[in-house]
Engineer: 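Got a structure here, written out as structure tokens. Questions coming.
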Amino acid sequence: MTNSLQTVSRAVALLRCFEGGARTLSLGQLTQIMGLNKVNVLRLAQSLTEEGLLDKNPKDGRYSISYGVLALARQLFNPDDLIARAMPILERAQAATQETVTLNLREGTEAVIIHEIVSHKPIKYSLGVGYRADLRLGGVGLAILSALGDEEVARVLSTRAPKLASGGAATRSFIEEELAVVRTNGCAETTGQRELDATGHAAPFIGPDGNVLGAVGVLLPSSRNRDEVHRQRCRKAVLEAGRALTALLASGRASEISTQEGAS
């Protein structure tokens, strides 16, 4: 069992060598990055290629991540067809703000972007699908964190303080003060926490089980957020989107229960 788990761990580590998606690596480079015996790395690479998770260029022998990984990620990134169901809500938020809108799911102590509608403005921010953010920083992270129970929040805050874009540390007291504001307002607004010239607005949404599932975010340059009318527009957009998604997911759960009761 130990050997099997070690093999799985090494296979995941090999796939992580390609984080970013576009890079290609030779067997020698993979061996150097992983710090393993070349024969072992070759066997792992061959197995992952056979499973359709890696692609090997027949001309130069270099490896790259395969589109087969998407098949594994599709359900993870889109549970219960969430993106399609949420799309009208996200599009309304984007139309109202003209800024980049993100749909984020919580995964442990991080938030992951599963869908993004990028602003058409010439100056904008885009993080990309798959971007992961610490729950203790930024609008999306704090929006999700604010909807967790006190014990869970305490566990998240008990780890080493993350770094702010300015270089300082986001101390526990700093984060707790931010959370108090978010809980009062129902949504988060942060400027310069991850990027010095970026502002994020976000509101959480609740899943059918009654627990926070993720957050809807609006991302924009801080210069545009100085316009108070636009600032309030962004705030309103995420609040409405969070409430709409919560209602949508709750109605889906109610329909499911109704169907089950009718069949019994």
Side-chain angles (χ1 to χ4, degrees), residues 74-107 110-121 124-133 135 138-149 152 178-179 181-190 198-220 224-225 227-259:
R74 188 177 296 117
Q75 181 59 26
L76 176 65
F77 268 32
N78 192 22
D80 300 321
D81 204 25
L82 177 61
I83 294 173
R85 296 168 67 195
M87 188 60 70
I89 296 170
L90 302 178
E91 289 176 339
R92 284 200 297 272
Q94 207 280 325
T97 64
Q98 297 298 303
E99 304 291 357
T100 295
V101 174
T102 62
L103 178 63
N104 308 262
L105 290 184
R106 179 202 174 192
E107 186 175 63
E110 296 181 313
V112 184
I113 295 178
I114 66 167
H115 190 69
E116 182 179 63
I117 304 177
V118 180
S119 171
H120 296 298
K121 292 181 179 292
K124 60 201 169 191
Y125 276 102
S126 172
L127 298 173
V129 171
Y131 179 85
R132 309 178 74 87
L135 293 184
V140 165
L142 290 173
I144 294 173
L145 192 61
S146 72
L148 297 177
E152 202 161 7
E178 291 282 289
L179 287 177
V181 175
V182 176
R183 286 169 173 159
T184 298
N185 294 337
C187 61
E189 177 185 347
T190 63
T199 293
H201 294 265
F205 60 90
I206 308 303
D209 61 356
N211 294 316
V212 60
L213 184 60
V216 177
V218 168
L219 185 64
L220 67 155
R224 288 205 289 271
N225 197 61
D227 180 338
E228 184 61 25
V229 173
H230 190 54
R231 176 174 172 265
Q232 292 301 325
R233 186 183 297 126
C234 293
R235 181 175 182 272
K236 180 182 178 183
V238 295
L239 278 168
E240 291 181 348
R243 291 165 183 160
L245 263 174
T246 297
L248 175 69
L249 295 171
S251 66
R253 177 59 177 164
S255 298
E256 178 184 328
I257 293 173
S258 176
T259 301

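Along the sequence shown, residues carry numbers from 1.
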Engineer: Name all residues meeting the salt bridge (Lys or Arg N to Asp or Glu O under 4.0 Å) criterion together with Arg106; count only those two or more places apart in sequence or in a different chain, and write none if there are none.
Structural biologist: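 With sequence neighbours excluded, Arg106 shows a salt bridge (Lys or Arg N to Asp or Glu O under 4.0 Å) to Glu152, given in chain and number order.
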Engineer: Search all heavy atoms of Ala111 against all heavy atoms of Ile144 and return the closest pair with its distance.
Structural biologist: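 The pair with the smallest heavy-atom distance is CB-CD1, 3.7 Å.
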Engineer: Can you tell me how far the CZ atom of Arg243 sits from the CG atom of Leu239, to the nearest 0.5 Å?
Structural biologist: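 It comes to 5.0 Å.
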Engineer: With rounding to the nearest 0.5 Å, note down the distance linking CG in Leu249 to CG in Leu82.
Structural biologist: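 CG of Leu82 is found 6.0 Å from CG of Leu249.
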Engineer: Could you check whether any side-chain N or O of Thr100 sits under 3.5 Å from a backbone N or O of Ser126, counting only pairs where one atom can act as donor and the other as acceptor?
Structural biologist: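 Not a single qualifying donor-acceptor pair exists.
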Engineer: Can you name the side-chain contact (heavy atoms from CB on, under 4.5 Å) partners of Glu240, sequence neighbours left out?
Structural biologist: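 Counting only residues at least two positions away or on another chain, Glu240 forms a side-chain contact (heavy atoms from CB on, under 4.5 Å) with Lys236.
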Engineer: Between CG of Leu219 and CD1 of Ile113, what distance do you get to the nearest 0.5 Å?
Structural biologist: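 It comes to 8.0 Å.
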Engineer: Quick one: does Ser119's side chain have a donor or acceptor within less than 3.5 Å of a partner on Gln98's backbone?
Structural biologist: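 Here the side-chain-to-backbone pair exists.
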Engineer: Taking all non-hydrogen atoms of both residues, which atom of Thr190 and which atom of Gly139 are closest, and how far apart?
Structural biologist: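 The pair with the smallest heavy-atom distance is OG1-N, 3.0 Å.
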Engineer: Hey, does the side chain of Glu116 reach the backbone of Gly128 with a donor-acceptor pair shorter than 3.5 angstrom?
Structural biologist: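 Side chain of Glu116 to backbone of Gly128, a donor-acceptor pair under 3.5 Å: yes, one is there.
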Engineer: I need the minimum non-hydrogen distance between Leu245 and Ala86, along with the two atoms involved.
Structural biologist: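 Here Leu245 and Ala86 meet closest at CD2-CB, 3.6 Å.
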Engineer: Side-chain contact test, heavy atoms from C-beta onward, threshold under 4.5 Å: evaluate it for Leu103 versus Phe205 and give yes or no.
Structural biologist: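 Yes - at least one pair of side-chain heavy atoms lies under 4.5 Å apart.
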Engineer: Can you tell me how far the CZ atom of Arg233 sits from the CG atom of Asn225, to the nearest 0.5 Å?
Structural biologist: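 Separation between the atoms: 11.5 Å.
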Engineer: Between atom CD1 of Ile206 and atom CG of Leu213, what is the distance when rounded to the nearest 0.5 Å?
Structural biologist: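 Atom-to-atom, Ile206:CD1 and Leu213:CG are 8.5 Å apart.
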Engineer: Does a side-chain heavy-atom distance below 4.5 Å link Lys121 with Leu220?
Structural biologist: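 They are not in side-chain contact.
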Engineer: For Val238 and Gly217, which heavy atoms make the closest approach, and how far apart are they?
Structural biologist: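 Closest approach of Val238 to Gly217, heavy atoms only: CG1-C, 4.3 Å.
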Engineer: Which heavy atom of Val118 sits nearest a heavy atom of Gln94, and at what distance?
Structural biologist: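 Closest pair (atom of Val118, atom of Gln94, distance): O-NE2, 4.2 Å.
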Engineer: Please tell me whether Glu99 and His201 have a donor and an acceptor in their side chains that are separated by less than 3.5 angstrom.
Structural biologist: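 Side-chain D/A pair, Glu99 to His201: absent.
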Engineer: About how many Å separate CG of Leu105 and NE2 of His115, when rounded to the nearest 0.5 Å?
Structural biologist: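 If I round to the nearest 0.5 Å, the distance is 12.5 Å.
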Engineer: Between the side chain of Asp227 and the main-chain N/O of Val229, is any donor-acceptor distance below 3.5 Å?
Structural biologist: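 Between the backbone of Val229 and the side chain of Asp227 there is a qualifying donor-acceptor contact (under 3.5 Å).
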Engineer: Looking at every non-hydrogen atom in both residues, tell me the closest pair between Ala215 and Ala143 and how far apart they are.
Structural biologist: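 What the structure gives for the nearest pair is CB-CB, 4.2 Å.
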